[in-house]
Structure formats: structure tokens, C-alpha cells
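The chains referred to below are lettered A, B, ... by the order of the sequence lines, with proteins before strands, and numbering in each begins at 1. Every value quoted in this text rests on a predicted model; they were computed, and no experiment measured them. Computed over heavy atoms, backbone and side chain alike; hydrogens, waters and symmetry mates excluded.
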Amino acid sequence: MEISTVLFNWYDYNKRDLPWRQTRDPYKIWLSEIIFQQTRINQGLEYYQKFVENFPSVHDLANADIDSVLKLWQGLGYYSRAGNLHAAAKDIAATYKGTFPSTYNQLIKLPGIGPYTAAAISSLAFNLVHPVMDGNVLRVVSRWFAIDDPVNSSKGKKKIEQILSELIDTNEPGKFNQAIMEFGALFCKPQKPACHDCVFSKICMAFQQNRVVNFPVKLRNLKPKTRYFNYLVILNSIDNQTVVYLQKRNGKDIWKGLYDFPVIETAGHPDMDMLMKGQEWDRMAGKMNMNVSSVSKIYRHQLTHQKIFTRFIEITSPDKFQPENIPAIPVDIDDLQSYPIPRLIDKYLHDRGML
DNA sequence: AATCCGGGGTG
DNA sequence: CACCCAGGATT
């Protein structure tokens, strides 16, 4: 029996009932594909539902305000996905008048859509024959065929792409793509794969050679950098209203588009006396009539490639004032919940009872 | 080809 | 705690 036949039998019996599998609306399929880039189903499911609810069509998304899109995306990570999603929605609304682009070459031109997502949308929504290569597929194929080249190298990817072009079912390419990804997610898992009752054990070279644990071969990744943030939580109380100063993060650093506090980044965490003698402190806070009312514990925030140690320095000022050298905006603490913020800031604000 | 961009899961 | 997961954009 052909691999795709065995795969389809397995899929028909084992597939999960997931919302975007009940539609061929390319908009909803696109939405799901962007949300589930680097994201496990359990983590992204409620985000998918929120997006479909809040933005039922590509026009609703295109007309939305970027901050409200980011707010819905908050907590999901890789925030450039939200910006690209929004930009692509505007493209589609303008260039395609809302008729969703339907070919691989049109799709891959859109921001946030690369080879994987273009293949996924064109096959799932439009039944075009483009094999997907996500992490699941790379793992499954590298085991079936005992691919010794790293799957995150271009040589390894080319080999797997070649194999997939022969395996894919040309009548039902969308089903084939969904099925092989689902098989990777549920059976051919990274750790403890279910080889004992796998329908492919006879054709799986890795299993036959008792080397399943050796695949996929990967180039190893870098160690995370350590960074130290000193956040300035500048609080003003005016007429029973408390405002705190937020700044929107721009540039190439993490959390682009999200809001946090004015920050002094240091090589380590100097004691407060040292910090307050430094240039940055003087530039940002030197002109303020203020006092440091408290310094938080150290929060440790782990990202894939960065380990961030953070302390929150609360500064209260009797004056109504606008920080001069900081592009920060005053936000009533009752309005904080409408700003998209990183997990770390969210955690702190909850600890302080401000959110 | 190498590096950066989050957050959560697993053992 | 250490380690795993892995698409797209940028350099």
C-alpha cells in the first residue's frame, strides 16, 4: 500500500476535531496558519477563536487598529506575526479587493507568509499540490527515510522536499498535508514516539534500524543571552487619578509594538546608588522632583534566546510632569488593560494589583 | 547560511 | 532546573 493511503486511513481514524478543519474559507485558514507558526495547538486555540470572533472577515482585520490586533495577540509571542497579519490584511483588502489570493506565488508575497504557510493555504483552501514542511513533517520524513542531513540545513530540507513531492497525494494534497502534520504531532512525536503501534513501523528506516531517537538530526542552537532591565515605573497621582508612564517598543529588539516602561539596561544589576549616579538615570530621571518609593524583587523572564533579569523601580512624583527625555505617554492605571504588554509586564502589574 | 524574534511544554 | 519545539524576516 502506498504511504498516502496508509496515512489517510490513519488520519480518518485519529484526527482531532479542530475548528479550522471545518472550513475552506481561506481567510480563516490563513489566520490559523499564522497563529500556529511555532505554536502548539493548545496554546493557540483560544487565540484563533478570539480572532475569528473579533475579526470575522479580512476587511474587519484590515480596518482594525494595530494596537487592538496586538492586544488580542498579547501573550502569544513572536509579535511581528501580528504586525504582518495586519499588513497582509490591508494588502488583501486593497490589492485583491478582499478576494483572497489563491496561488502559491501570490500568497508568498504577503508579509508573514513564507514557504510553509503559502503551501498550507494553497493546498488546504485551494487544493493545489504544494507539500508543507513544518517541524512535524521534517521529523516524520527524516525518520521514515533515516535522513542523516540536519533538517534545519538547506541540504536536508531539499532532500525532504524531493521525497514529499513524490509522496503527496495529488488528488487530495490538503488532506495529505494535514494528515502528515497530525501524524507527527500525535504519534511521531519528538520524544517518546508511539512506535509500538505505528502503522508505518515496517517502512520506517529509523525504526527498522532502531535509531528513531537519533532523528531528526539538527544543527544545535545558540545559548540564550542574559540581559538586565531596570524598569522605571513612574507614577503620578493627580486628582485621585493615578497615571503611569508607558512607552511603545519600536526598533529591532524584542516585543516590538508592545508597551512597557521606560527602561535602563545595564550589564548587571548595580545597586540603586550606582544606578542613580549613572548617565542614563540622569538623562531620564534627573530633572524630576521625585523619590524612589520601592524597588521590586528581581523578576526572571526566560525567552528562547534571552534570559532577562528585571527589577521594577517605582518612582513617585508630586508634580504633574511629562518626562522630558523619554518618549513615554501617561496612562491612567484604569486604562492599562487596553494596552498590549509583554507577559513580564503583565505579571508585574498583577503582582502590584494594578491590573 | 546564520541569527533574531516568545511563549509554553517536558523530564 | 535544562532542554525541546521550529516559520519567517533580516542580515
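- Nucleic acid contact for A:Leu76: base, since at least one base atom lies under 4.0 Å from a heavy atom of the residue.
- Backbone-only contact: A:Tyr116 has heavy atoms under 4.0 Å from sugar-phosphate atoms and none from a base.
- Taking the side chain as every heavy atom from C-beta outward, A:Tyr299 and A:Asp351 approach each other to under 4.5 Å.
- Rounded to the nearest Å, the gap between the P atom of C:dA9 and that of B:dG8 is 24 Å.
- The pair A:Asp67-A:Lys248 meets the salt-bridge criterion, since a charged nitrogen lies less than 4.0 angstrom from a carboxylate oxygen.
- Among the heavy atoms of the strands lying under 4.0 Å from A:Arg343 are primed sugar atoms or P, OP1, OP2 only; no base atom is included.
- Within the cation-pi definition used here (under 6.0 Å to the ring centroid, within 45° of the axis), A:Lys71 does not qualify as a partner of A:Tyr339.
- When distances are taken from the side chain of A:Lys192 to each of B:dG9, C:dA6, B:dG11, the shortest belongs to B:dG11.
- Heavy atoms of A:Asp253 sit under 4.0 angstrom from primed sugar atoms or phosphate atoms, though from no base atom.
- A salt bridge is absent between A:Lys159 and A:Asp148; no separation between the charged side-chain nitrogens and carboxylate oxygens falls under 4.0 Å.
- Using a 4.0 Å heavy-atom distance criterion, A:Asn152 is classed as making no nucleic acid contact.
- In this model, the phosphate group of B:dG7 is approached by a side-chain N or O of A:Trp255 to a distance below 4.0 Å at OP1 or OP2.
- The separation between A:Phe215 atom CZ and C:dC4 atom P is 17 Å, rounded to whole Å.
- In this structure, A:Glu280 pairs ionically with A:Arg283, as a charged nitrogen and a carboxylate oxygen lie closer than 4.0 Å.
- Atom P of nucleotide C:dT10 and atom CD1 of A:Ile254 are separated by 18 Å, given to the nearest angstrom.
- Whole-Å rounding puts the A:Arg227 CZ to B:dC5 C1' distance at 12 Å.
- Using a 4.0 Å heavy-atom criterion, one finds that A:Thr117 contacts the sugar-phosphate atoms exclusively.
- Taking 4.0 Å as the cut-off between side-chain N and carboxylate O, A:Lys218 and A:Asp149 do not count as a salt-bridged pair.
- Using a cutoff of 4.0 Å between basic side-chain nitrogens and carboxylate oxygens, A:Arg21 and A:Asp17 are not scored as salt-bridged.
- Mapping A:Gly114 and A:Lys252 onto DNA chain C by nearest heavy atom places A:Gly114 closer to the 5' end of the strand.
- One interatomic measurement links the two molecules: NZ of A:Lys225 to C1' of B:dT3, which rounds to 9 Å at whole-angstrom precision.
- To the nearest 0.5 angstrom, A:Trp30 atom CH2 is 5.5 Å from A:Phe100 atom CZ.
- For C:dA6, one of the phosphate oxygens OP1 or OP2 lies less than 4.0 angstrom from a side-chain nitrogen or oxygen of A:Arg139.
- Between A:Tyr78 atom OH and C:dA6 atom P the separation is 11 Å, expressed in whole Å.
- In this entry the distance linking CD of A:Gln43 with C1' of C:dC4 reads 14 Å, nearest Å.
- The P atoms of C:dC3 and B:dG6 are separated by 23 Å, rounded to the nearest whole Å.
- Across residues 299-307 of chain A, A:Arg300, A:Thr304 each have a non-hydrogen atom less than 4.0 Å from an atom of DNA chain C (numbered order).
- Nucleotide B:dG6 holds its P atom 16 Å from the CG atom of A:Asp346, rounded to whole Å.
- A:Lys157 comes within 4.0 angstrom of nothing in the nucleic acid, heavy atoms only.
- Within the 4.0 angstrom heavy-atom criterion, no nucleotide atom of any strand lies near A:Lys189.
- Mapping A:Leu219 and A:Leu258 onto DNA chain B via the closest heavy atom, the residue that lands nearer the 5' end is A:Leu219.
- Here the P atom of nucleotide B:dG6 and the NZ atom of A:Lys347 are 15 Å apart, to the nearest Å.
- Along DNA chain C, the nucleotide nearest A:Gln191 and the nucleotide nearest A:Asn84 are compared for position; the residue whose nucleotide lies closer to the 5' end is A:Gln191.
- Between A:Tyr79 and B:dG7 there is a side-chain N or O to OP1 or OP2 distance below 4.0 Å.
- Distance alone, capped at 3.5 Å, is enough to place a donor-acceptor pair between the A:Asn177 side chain and the A:Val132 backbone.
- Between C:dC5, C:dG8, B:dG8, one nucleotide has an atom nearer to the side chain of A:Gln37 than all others, and that is C:dG8.
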